[in-house]
Amino acid sequence: MDVIDPKNLKFGDEVFVIYRNPHVPSVSNIKAGEIVQHPKDPNAFALFLNETLHVIEDDDALFATQEAAENAYLNAMDSYQS
């Protein structure tokens, strides 16, 4: 599925995520974000997305390419609709 292992992240990496619209839960988009230094822990990573810092959680899926994120989204939707 081409999910990035969080152990392989580097500051400045561009990653792609499937981002749910918080106002319309049934709407998701593929968004590009940047891996940046966590503001409270200089040894940790954060995701800068939509002008906001997000803590990277264990269950977050970060993709190396937009195509990989789109394929994961399509696979998830196919599984959901089956």
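Keep in mind the model is a prediction, meaning the values are calculated, not measured. Counting begins at 1 with the first residue of the sequence. Quick note: numbers below take in every heavy atom, side chains included, and nothing from hydrogens, waters or symmetry partners.
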Under the side-chain contact (heavy atoms from CB on, under 4.5 Å) test, residues paired with N8 that sit two or more places apart: D5
Do any N or O atoms from the side chain of Q37 and from the backbone of P42 form a donor-acceptor pair under 3.5 angstrom? yes
Do you know the tightest heavy-atom contact between L53 and A46? CD2-CB, 4.2 Å
Test side chain to side chain donor-acceptor pair (under 3.5 Å) applied to Q66 - qualifying residues, sequence neighbours left out: E70
Output every pair passing ring-ring contact (aromatic ring centres under 6.0 Å, His included) with a member in residues 30-54, not counting sequence neighbours, ordered by first then second residue. F11-F45
Test side-chain contact (heavy atoms from CB on, under 4.5 Å) on I35 and V15; report intermediate values, then the result. CA-CA 7 Å; I35 300 300; V15 298; 4.0 Å; yes
Can you name the side-chain contact (heavy atoms from CB on, under 4.5 Å) partners of N43, sequence neighbours left out? D41
Distance-only check: which donor-acceptor pairs under 3.5 Å involve side-chain atoms of residues 18-31, not counting sequence neighbours?
unit_1 : atom_1 : unit_2 : atom_2 : d
N21    : OD1    : H23    : N      : 2.7
N21    : OD1    : V24    : N      : 3.2

Can you name the side-chain contact (heavy atoms from CB on, under 4.5 Å) partners of N71, sequence neighbours left out? E67
Would you compute the distance between atom OG1 of T65 and atom CD1 of I4 and round it to the nearest 0.5 angstrom? 8.5 Å
Just verifying a value: how many Å separate D13 CG and K10 NZ, rounded to the nearest 0.5 Å? 4.5 Å
Within one Ile-Leu-Val-Met-Phe-Trp-Tyr cluster: L9 and L49, side-chain cutoff 4.5 Å: yes
Minimal non-hydrogen separation, V3 against A61, with atom names: CG1-CA, 4.3 Å
Holding to side-chain contact (heavy atoms from CB on, under 4.5 Å), I want the full list of residues that pass it with D58, two or more places apart in sequence or in another chain. none
